[in-house]
Amino acid sequence: MARTGSNRSAFPPDWWARGAWLLLLVYLLYAASHLELTPARFAAGLEHGARFLARLFPPDFRRWELLVKGMVESLQIAIVASALGTLLSLPLALLAARNLMPVWASWPARAVMVVCRSFHPVIVAILFVKAVGFGALAGILALTVASVGFLGKLMTEAIEEISLKQVEAVRATGAPFASVVTYAVVPQVFSRFVGFASYETDANLRNSTMIGIVGAGGIGGTLFAAFQRFDFDFVCAIVLTIIALIMAGEVLTVQVKKAFKA
Amino acid sequence: MSAALEREWRRFTPAERIGRFVVYFCVVAAVVASLRTVEVIPEFLYDAPEQIGDMLRRMWPVAWQHYPEGVHAPLVDSLHIATLGTVLAVLMAVPVAFLAAKNVTPQPALNYLAKLVLVAARSVNTLIWALFFVAVFGPGSLAGTLAIAFHSIGFTGKLLGEALEESNRGTIEALEASGAPWLSVALKGYWPQVRPAFWAIVLFRWDINVRESAVLGLVGAGGVGMALDTALNLFQWDRAAMILVAILAVVVAAEVATTQLRKRII
């Protein structure tokens, strides 16, 4: 029997959800106390923060040559790594696509991507710094690995979503495999690939400003050094430049996607 | 013969072709220019195999016995940092997302301001945020948690704002017509509509934050990265290998957990 008008609630309380929210709150308190995040520490920090902010401003652009050199290197690392990453991901994604390839080909290709994706670019950069020494090369290699992991996954998924009718049609004409790929697969995924590649270039640009912290080239090294010397006005200049560059990158990405209707 | 038959059909309009050509040209020019000017010392590449071999030899055997005393506690710290950071980020991102959504806040100036905040938060990398917070709060987990939180605002806020913009007007109008205050509109109008997207975004971000929390320690912001940094500075590659294996296990476990949860919740 349906309940009658007056005491029926439009939004009956969901006790399971309330219990879950309560559990989350308990966890938060526990985790905060475990990490010793106390209000007292926070308050002390705010006081530091005010002084710190005062030292950040005004930004100091006097050492702009150092700044430009680092930014250019970051940009170079991002561009080369994105290009290399895209070139390597294309064949790998084709190999990994389950709808075009047998299991013995797709499985190893997928494994390569998972391995590339599992470590943070900074950790990969540490390993490459050991392997090829300090400098831009380590950064390029580290970001290439990250790009292969990420782009490979996205591209594989895109290829697996294509319509097989066109593939069949091209195959029916007796076309060799290369022609099937060029005329039946690529036209279906090309604009999405452009979108992925430009997104990855954006991501690489962000990461290339950071890997310098472990010695893999780019502006990160300059930034870290400025922090350690307490040159906070120079730090501010660097960070403002990074934000400007990344925003410019995002605007450019939108334009590229528009050109390809991705 | 009619003119229609002689007409040449093309897939793209001239404007599209020019646009594409410009993009291709710029991409190739940028790659070539970068390749020619980037400072790479090829001599370093020659002994890379030797160096990698040396690294692997130093990593083996992996110092498993180091896990209970030196790795477990910081690893748990890292997970707490990732989770707390994600929750804080969501708390800060929700109001910004409401401001950024054009249908919720029909004020272009506020929309732009909110979007600027989101882009700025995203543009500064987690590690750079961590450097800032280490300078303010000193080394430790507090700096790491705040770094994760502030960087994640950009990502969660952007996606949440887009989810809000896609929400259906109908329910909202019904609530507003009944004279519901804005909190009721938000809780009973928008929240049920964006809930699946919300949990998907939170889980996805948490997964990313677990990875990021592992490297925060390299700049002194707490977690397992500090143990990794110490091991690397002392050239204890066997301990570093142990830590890398532990991080890998946690990252894989987090990915499996989020995939399973996503299936359940959404």
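Since the structure is predicted, the reported quantities are computational estimates derived from the model, not experimental observations. Chain letters run A, B, ... following the sequence lines, proteins first, then strands; residues in each count from 1.
Residue A/Ile219 holds its CD1 atom at 5.5 Å from CE of A/Met71, rounded to the nearest 0.5 Å.
When B/Leu35, B/Val251, B/Asp77 are compared by the number of non-hydrogen pairs under 4.5 Å with chain A, B/Asp77 comes out ahead. Counting heavy-atom pairs closer than 4.5 Å to chain B, the top-ranked of the candidates A/Ile77, A/Val80, A/Leu75, A/Ile242 is A/Val80. Here B/Leu244 is the residue among B/Leu232, B/Val119, B/Leu244 with the most heavy-atom pairs under 4.5 Å with chain A. Among the candidates A/Glu47, A/Glu73, A/Met247, the residue making the largest number of heavy-atom pairs closer than 4.5 Å to chain B is A/Met247.
Between B/Ser152 and the choices B/Asn209, B/Thr126, B/Thr86, the side-chain hydrogen bond (donor to acceptor under 3.5 Å, both in side chains) rule is met once, by B/Asn209.
Within the 4.5 angstrom heavy-atom criterion, no atom of A/Gln255 approaches chain B. Of the atoms belonging to B/Tyr24, it is side-chain heavy atoms, and not backbone ones, that fall under 4.5 Å from chain A. Both the backbone and the side chain of A/Asn207 come within contact range of chain B, with heavy atoms under 4.5 Å apart. Contacts between B/Trp237 and chain A at a heavy-atom distance below 4.5 Å involve the side chain alone, from C-beta outward. Interface residue A/Val239: only side-chain heavy atoms are found under 4.5 Å from chain B.
Without hydrogens or angle criteria, B/Thr258 side chain to B/Leu203 main chain gives no donor-acceptor distance under 3.5 Å.
Using a 30° and 60° split on the angle between ring planes, A/Tyr30 and B/His80 fall in the perpendicular class, above 60°. Taking the six-membered ring where tryptophan is involved, the planes of A/Phe193 and A/Phe196 are tilted, since the angle between them lies from 30° to 60°.
Annotation for B/Ala121 and B/His151: closest pair O-ND1, 3.5 Å, computed over non-hydrogen atoms.
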